[in-house]
Amino acid sequence: MSVRGETPEDVRSGFAVLVGRPNTGKSTLVNAVVGTKVAITSDTPQTTRHRLRAVVDRDEAQIVLVDTPGLHKPHDALGEELNRSALLALSDVDVACFTVDASQPVGRGDEWVARHVAAARAKRVLVVTKADLVGPEVVQAQIEAASHLAEFDDVVVVSALEDFNIEGFVQTVVRLLPTGPRYFPRDMPTDQPLEVMIAEFIREKALRKTRDEVPHAIGVVVDDLYHDERKDLTTVMAVLYVERDSQKGILIGKGGEMIGAIGAEARADLERLLGVHVFLDLVVKVKRDWRKDAAQIRRFGYGEGL
């Protein structure tokens, strides 16, 4: 990770981590900063299950922006693993960005996250997200409430969906980075393995299509991935795992309608990602109580599993 990249000159460079409660808009902000979709998003808690590194490269700087699972009170082994992954990300970064949702009151969960941010040996930035949802008075109140939780080197207000002050966020982080080498090639938007990105794009569509307890129980693994040069066609074979037979029925849907809709939306994303036509074969299987099994969680690659 510390190997010097292709460009020899020193620039402002380093690692900046986004941490906060679930659904504070961390992944949406990452996508807005990078300028392309590298992280999946949904309204479901625990959407982010991987510690993703996105590369923001400029002539004068390179930010390695680390997206983390939302910190929360865990109810199973999966939740514990995701918290562990997020907290480990704070241990060796240059800038810690504490994200607070402008539309949600600052509470005990934020206080718990802020204690970990304050303990990190990094510069600290308070990032108030989703500013488009509230007025300036509410934003200011959020800043004041969050500022009591820790000392910050700077404060940034953003709206990723409205593309508001995204460049301001980038420049704030750049100012706080040390001078050093570029850690990744300049044309590399993320270090996420391709199979993981494909599995996550599929899971995103399943999250958005289903409700109740099913989203939390969904895990996705790419079983096979190969490209036919003659047909210019990439085949993706993936398995969606759930914990109950009833969840499997919901995910498949009447006459296969639900899994067909998930596949159609996921295929469109994958074709944009890969730049070729994609044949997507999805299968749903039951792996009972996998969220309580730490070994299985790591086999899925969630948290620190990779």
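All values below come from the heavy atoms of this structure, side chains included, with hydrogens, waters and symmetry mates left out. Only a predicted model underlies this, so the values are computations on that prediction, with no experimental measurement involved.
Of the possible donor and acceptor atoms, none in the side chain of D269 sits under 3.5 Å from a partner among the backbone N and O of A266. Judged purely by atom type and a 3.5 angstrom limit, T234 has no side-chain atom pairing as donor or acceptor with the backbone of V278. Not one N or O on the side chain of T99 forms a donor-acceptor pair closer than 3.5 Å with the backbone of L18. Using a distance-only test at 3.5 Å, with no hydrogens or angles considered, a donor-acceptor pair links the side chain of N31 to the main chain of V38. No donor-acceptor pair closer than 3.5 Å links the side chain of T28 to the backbone N or O of G25. Panel note: side chain T24, backbone G20; no donor-acceptor pair is recorded below 3.5 Å. Judged by distance alone, the side chain of R12 and the main-chain N or O of L177 form a donor-acceptor pair under 3.5 Å. With Q62 contributing its side chain and V56 its backbone, the two residues share no donor-acceptor pair below 3.5 Å. Side-chain atoms of Q247 come within 3.5 Å of backbone N or O of E243 as a donor-acceptor pair.
Linking ILVMFWY residues whenever their side-chain heavy atoms come closer than 4.5 Å, directly or via other members, places L240 and V236 in the same cluster. Hydrophobic clustering (ILVMFWY, side-chain heavy atoms < 4.5 Å, transitive): V125 and V117 are in distinct clusters. The hydrophobic clustering, which links ILVMFWY residues whose side-chain heavy atoms are closer than 4.5 Å, places M197 and M237 apart. Taking hydrophobic clusters as Ile, Leu, Val, Met, Phe, Trp and Tyr residues chained together by side-chain heavy-atom distances below 4.5 Å, V34 does not share a cluster with V19. In terms of hydrophobic clustering, with Ile, Leu, Val, Met, Phe, Trp and Tyr side chains grouped at heavy-atom distances under 4.5 Å, V93 and V55 are assigned to a common cluster.
Side-chain atoms of D101 and K130, non-hydrogen and from C-beta on, do get closer than 4.5 Å to each other. Residues V158 and V128 form no side-chain contact, since every pair of their non-hydrogen atoms from C-beta on lies 4.5 Å or further apart. In this structure the side chain of V33 never reaches within 4.5 angstrom of the side chain of V173, judged on heavy atoms. A 4.5 Å side-chain heavy-atom check between R299 and D293 finds at least one atom pair inside the cut-off. Within the 4.5 Å cutoff, the side chain of I63 has heavy atoms near those of the V170 side chain. At a threshold of 4.5 Å between non-hydrogen side-chain atoms, the residues S13 and P181 count as touching. A 4.5 Å side-chain heavy-atom check between I166 and F164 finds every atom pair outside the cut-off. Residues T235 and D281 are not in side-chain contact: their nearest non-hydrogen atoms beyond the backbone lie 4.5 Å or more apart.
In this structure, OG1 in T68 is found 10.5 Å from CG in L52, a value given to the nearest 0.5 Å. Atom CD1 in I259 sits 5.0 Å away from atom CG in L282 (nearest 0.5 Å). In this structure, CZ on F201 lies 9.0 Å from CG on L274, to the nearest 0.5 angstrom. For the atom pair R272 CZ and T36 OG1, the distance stands at 9.5 Å (nearest 0.5 Å). Here CG of L270 is found 6.0 Å from CG of L280. Values are rounded to the nearest 0.5 Å. Of the inter-residue distances, the one linking R203 atom CZ with F300 atom CZ reads 11.0 Å to the nearest 0.5 angstrom.
Minimum heavy-atom separation, S103 to V134: CA-CG1, 3.8 Å. Annotation for R21 and K26: closest pair O-NZ, 3.0 Å, computed over non-hydrogen atoms. Considering every non-hydrogen atom in both C97 and V127, the closest pair reads CB-CG2, 3.9 Å. In plain terms, the two heavy atoms of V139 and A102 that are nearest each other are CG2-CB, 4.4 Å.
Residue-environment remark: NZ (K123) stays at or below the threshold of 12 foreign heavy atoms within 6.0 Å. Within 6.0 Å of NE2 in H227 there are more than 12 heavy atoms belonging to other residues, nucleotides or ligands.
Side-chain atoms of D67 and S27 form a donor-acceptor pair, as typed in the model, at a separation below 3.5 Å. Between the side chains of T41 and R208, at least one donor N or O sits under 3.5 Å from an acceptor N or O.
Using a cut-off of 4.0 Å between Lys/Arg side-chain N and Asp/Glu carboxylate O, D289 and R244 are scored as salt-bridged. Using a 4.0 Å cut-off between a side-chain N of Lys or Arg and a carboxylate O of Asp or Glu, K209 and E257 do not qualify as a salt bridge.
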Give every donor-acceptor pair under 3.5 Å between a side-chain atom in residues 147-157 and any protein atom, sequence neighbours left out.
unit_1 : atom_1 : unit_2 : atom_2 : d
S147   : OG     : I143   : O      : 2.6
D153   : OD2    : R124   : N      : 2.8
D154   : OD2    : R175   : NH2    : 3.4

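Not less than 6.0 angstrom separates the ring centroid of W290 from the ring centroid of Y241.
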